[in-house]
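Heads up: the structure comes next, in C-alpha cells.
Owing to the predicted nature of the structure, the values given are computational and were not obtained by experimental measurement.
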Amino acid sequence: MNPIVTLLFGHWAADFLLQSEAMALRKSTSIKWLTYHVLVYTIVLSLFSLFLLTWKLALLFAGINGILHWLT
C-alpha cells in the first residue's frame, strides 16, 4: 500500500473511527477528554507507522504528531 494512503487511513481510523461520542463532544472543553482522544490517536498512528518506519521512527513520528494534535 502507498505510504501516504497508509498514513491517511491511520489518521482517519484514529481521529474519527475510534473516537467515542464522549471524546467528540467533550474534547474541545475538557483537557481530560482531549488527552484521551490524543492518546488513542497517537497509539493507533504508531501502529500504522510501524508498517512504514522502524519502531523508533514510528514512535517519534506518532509522538510528535500526537503533541501537535493535542496543541491544535
Are [X] and [Y] close enough that some pair of their side-chain heavy atoms sits under 4.5 Å apart?
X     : Y     : answer
Leu18 : Met23 : no
Trp33 : Val38 : no
Arg26 : Leu34 : no

Counting only heavy atoms not in Leu17, do more than 12 sit closer than 6.0 Å to its CG atom?
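Enclosed.
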Give every donor-acceptor pair under 3.5 Å between a side-chain atom in residues 51-68 and any protein atom, sequence neighbours left out.
residue: Thr54; atom: OG1; partner: Leu57; partner atom: N; Å: 3.3
residue: Asn65; atom: OD1; partner: Tyr41; partner atom: OH; Å: 2.9

Taking Ser49 for the side chain and Leu45 for the main chain, is one N or O donor matched with an acceptor at less than 3.5 Å?
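Yes, Ser49 side chain to Leu45 backbone: donor-acceptor pair under 3.5 Å.
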Determine whether Ile31 and Leu39 fall in the same hydrophobic cluster, where Ile, Leu, Val, Met, Phe, Trp and Tyr are linked whenever their side-chain heavy atoms lie under 4.5 Å apart.
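No, separate clusters.
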In terms of hydrophobic clusters joined by side-chain contacts under 4.5 Å, are Phe9 and Ile4 together?
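No, Phe9 and Ile4 fall in different hydrophobic clusters.
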side-chain contact (heavy atoms from CB on, under 4.5 Å), that's the test. Do Thr35 and Lys27 meet it? Break it down for me.
CA-CA 8 Å; Thr35 302; Lys27 68 183 180 185; over 6 Å; no
About how many Å separate CG of Leu7 and CZ of Phe48, when rounded to the nearest 0.5 Å?
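Rounded to the nearest 0.5 Å, the CZ-CG separation comes out at 9.5 Å.
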